[in-house]
Every structure is written in structure tokens, then in C-alpha cells.
Asks: 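Sending over a structure as C-alpha cells; questions will come in a sec.
The chain is numbered in sequence order, starting from 1. Because the structure is predicted, anything quoted here is derived from the model rather than measured.
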Amino acid sequence: MSSSPEIRILTTPQELFAAAAEEVVRSANEAIAQHGRFTIALSGGSTPKNLFNLLATNARASLPWDRMFFFWGDERHVPPTDPDSNYRMAEEAMLSKIPVAAGNVFRVAAENPDAAAAAEAYEQTLRKFFALAPGEFPRFDLILLGMGPDGHTASLFPGTSGLQEKSRLVIANWVEKLKTHRLSFTFPVLNAAACVTFLVSGTDKAPALHSVLESDAPGEQYPAKLVHPSDGKLIWLIDRAAASQLAAK
Ligand code: 6PG
């Protein structure tokens, strides 16, 4: 039964990242106590970088890295060495600084020039790791998400075909305005998670955040609205700048 979203407004970006780090530590220790491992899907873009730095420094001692398994909720269609790579950002900000085995890190092979094949391969990686039966969706312990100024999340952009996907786990979503494919989890995967946590920072996100949280605009227009874990928690960690147009600020 999906619970109503928890919306937390933090005064500064630093407080936002500290709250996010606490959430990761809490979620990790809870999952490991319950079932011996913690599966986390990382978000990309710029916002999570400070969180990753915090996890690799201040929170480093509080996390059982050997029982943590890292995935990505979306990836740009570029090699892992590319400056745009979400994997590269996480590698530089966190993974290269923590004692995690290479076998615990499942990046998207986005260097594959065939985006559809890269999506299919990552879907098979998820099906194998979670030992899924046909039609089953993986239950991540935690999925981190961001939101763009246009209300997109993961790489599920307004008006793209990926918004309608009901059975695939990972898609190559063509994004006309970026003239590229993005590799992305689908909504069924996002909404099968035990916990989804959004990190939203900055005034440029305020109009879309108001539309997502406080308007009856369609999800087609603001895809982040379509994230509602069916049997899990939804947490919005927002800084004051991003919350500036919320009535409930
Ligand atoms: C990506 C992301 C994307 C991101 C938003 C916000 O690959 O770009 O996963 O969904 O979270 O675009 O990006 P910023 O944090 O850079 O504002």
C-alpha cells in the first residue's frame, strides 16, 4: 500500500546532502538487517555528487560497503570515460574512494553504440541479479532520483515514449530535445522500490516542483509526478531554494 510522500524541506544544499546521507545509511542498515544486502540505484546529473562525496567521507565508516550493490537508474548514451557519464561522476565522487568490490557495481554498458541493445543488456543484468520470473519487477531497497527543470526524472522526459512503458525494466528512450537516446529505468521499476528518494536543489527547479507536488498538471507533462512506489516509501528532500514556489514551504 503506497504511503503518502514525505516532503522534507532543508534550509541549505549542505543540509539537504547531510539528510540524504542519513537516509542512505538508515536505509542500508535496515535492508541489511532484514535481508543481508542493500541494493541502491544511483541518480545522475549534478545534484547527487555532493551526496556521494559525503558518503565516501563522513559516512564512510557507517556503511557496510561489502554488502552494498550499486546500480544506475539512468545513464547517458556515452562511454564510462565521458564527462557526461553518470557512472564516471559516481566513480570519481564515491566508488573510487570506498572499499567496494568491482562485482558489487553494475554500471550500464552505455558505450554500446546500439542504445536498444545496451538497454536490453542492462535489463538482463537486473533480471539475473534479482532472479526475476517473467513479468516480475526488481524491488530495489533504495532508488535515488533527481528532477530536471522540466519535471523529468531518471531519463523519463516529458512527451517521450518511455513514459508509457509498462513491461520493460530498462529502455533506450529517445529524447528529441537532446537528440539522443538515454538509458533509463521505467516507471514499473521505480514504483516497485521499497524506497524512492528525490534530491531537488536550486531555484531553477521551483516552478516544476510546484507543478509536480501541488498542481493537477498531467504526469505526461511532469513525469516526476508518476513516481509513486506501490508498496514503498516516497521521500522528497528539497532545499529551500527549490521549495520557494511551494505553498507548503
Ligand atoms: C541525468 C539524471 C537526471 C537528473 C536531473 C537533474 O542523467 O541527468 O539522472 O534525471 O537527475 O536531470 O539533474 P541535476 O541534478 O543536474 O539538476
Asks: Any side-chain heavy atom of V227 within less than 4.5 Å of one from L156?
Replies: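 Counting from C-beta outward, V227 and L156 never come under 4.5 Å.
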
Asks: Would you say E123's side chain and V170's backbone share a donor-acceptor pair under 3.5 angstrom?
Replies: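 Yes: the side chain of E123 pairs with the backbone of V170.
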
Asks: In the structure I gave you, are the side-chain heavy atoms of P188 and E165 within less than 4.5 Å of one another anywhere?
Replies: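 When only atoms from C-beta onward are counted, E165 and P188 do not touch, as no gap falls below 4.5 Å.
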
Asks: Start with the C-alpha distance between E120 and R168, add both sets of side-chain angles, then the distance that settles salt bridge (charged side-chain N to carboxylate O under 4.0 Å, His left out), and finish with yes or no.
Replies: CA-CA 9 Å; E120 174 56 27; R168 299 287 311 277; 3.4 Å; yes

Asks: Answer yes when E30 and R26 have at least one side-chain N-carboxylate O distance shorter than 4.0 Å, and no when they do not.
Replies: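 Salt bridge between E30 and R26, a charged N being under 4.0 Å from a carboxylate O: yes.
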
Asks: What I want to check is whether the side chains of S230 and N191 have a donor and an acceptor closer together than 3.5 Å.
Replies: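 S230 vs N191: no donor-acceptor pair found between side chains.
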
Asks: Can you name the residues that form a side-chain hydrogen bond (donor to acceptor under 3.5 Å, both in side chains) with K177, not counting sequence neighbours?
Replies: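 Listed in chain order: D150.
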
Asks: Just by distance, do the side chain of K205 and the backbone of M147 share a donor-acceptor pair under 3.5 Å?
Replies: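 Yes; judged by distance alone, with no hydrogens or angles, the pair exists.
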
Asks: Does any part of the side chain of C195, heavy atoms only, come nearer than 4.5 Å to the side chain of I235, both counted from C-beta?
Replies: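 Result yes, sub-4.5 Å side-chain heavy-atom pair found.
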
Asks: Could you point out which residue of T180, T160, T186, D74 forms a side-chain hydrogen bond (donor to acceptor under 3.5 Å, both in side chains) with N173?
Replies: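 So, applying the side-chain hydrogen bond (donor to acceptor under 3.5 Å, both in side chains) to N173 and each of T180, T160, T186, D74, only T160 qualifies.
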
Asks: Taking the side chain as every heavy atom from C-beta outward, state whether R107 and P80 have any atom pair closer than 4.5 Å.
Replies: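 Yes; the side chains approach each other to less than 4.5 Å.
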
Asks: Mind checking side-chain contact (heavy atoms from CB on, under 4.5 Å) for A116 and listing every partner two or more places apart, or none if nothing turns up?
Replies: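 If we apply the side-chain contact (heavy atoms from CB on, under 4.5 Å) test to A116, skipping adjacent residues, the hits are D114.
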
Asks: Answer yes or no: is there a donor N or O on one side and an acceptor on the other, between the side chain of N86 and the main chain of S43, under 3.5 Å?
Replies: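 Pair absent, no side-chain N/O of N86 close to backbone of S43.
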
Asks: Cut-off 3.5 Å, no hydrogens considered: what does the side-chain donor-acceptor table look like for residues 59-69, sequence neighbours left out?
Replies:
residue : atom : partner : partner atom : Å
R60     : NH1  : K97     : O            : 2.3
S62     : OG   : A59     : O            : 3.4
W65     : NE1  : R60     : O            : 2.9

Asks: Check whether any side-chain heavy atom of L55 sits under 4.5 Å from a side-chain heavy atom of L51, and report yes or no.
Replies: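 Touching, per the 4.5 Å side-chain cut-off.
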
Asks: Taking only distance into account, with no hydrogens and no angle test, what donor-acceptor pairs under 3.5 Å do side-chain atoms of residues 133-146 form with protein atoms, sequence neighbours excluded?
Replies:
residue : atom : partner : partner atom : Å
E136    : OE1  : A133    : N            : 2.6
R139    : NH1  : A192    : O            : 3.2
R139    : NH1  : D231    : O            : 3.1
R139    : NH2  : D231    : O            : 2.7
D141    : OD1  : H35     : NE2          : 2.8
D141    : OD2  : H35     : NE2          : 3.4
D141    : OD2  : T39     : N            : 2.8
D141    : OD2  : T39     : OG1          : 3.0

Asks: Under the ring-ring contact (aromatic ring centres under 6.0 Å, His included) definition, can you give me all pairs with a residue in residues 78-109, not counting sequence neighbours?
Replies: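 ring-ring contact (aromatic ring centres under 6.0 Å, His included) check on residues 78-109 returns F71-F106, W72-Y87, F106-F129.
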
Asks: Do E91 and S96 come close enough that some side-chain heavy atom pair is under 4.5 Å?
Replies: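 Yes; the side chains approach each other to less than 4.5 Å.
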
Asks: Is there a donor-acceptor pair closer than 3.5 Å between any side-chain N or O of H210 and the backbone N or O of A247?
Replies: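 No; zero donor-acceptor contacts below 3.5 Å.
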
Asks: Are any non-hydrogen side-chain atoms of I238 and F198 less than 4.5 angstrom apart?
Replies: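 Side chain of I238 against side chain of F198, heavy atoms only: no contact under 4.5 Å found.
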
Asks: Side chain of R8, backbone of L237: donor and acceptor closer than 3.5 Å?
Replies: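 Answer holds: no.
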
Asks: Determine which pairs satisfy ring-ring contact (aromatic ring centres under 6.0 Å, His included) with at least one residue from residues 151-176, sequence neighbours left out, and list them in order.
Replies: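 Matches after skipping sequence neighbours: H152-F157, W174-H181.
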
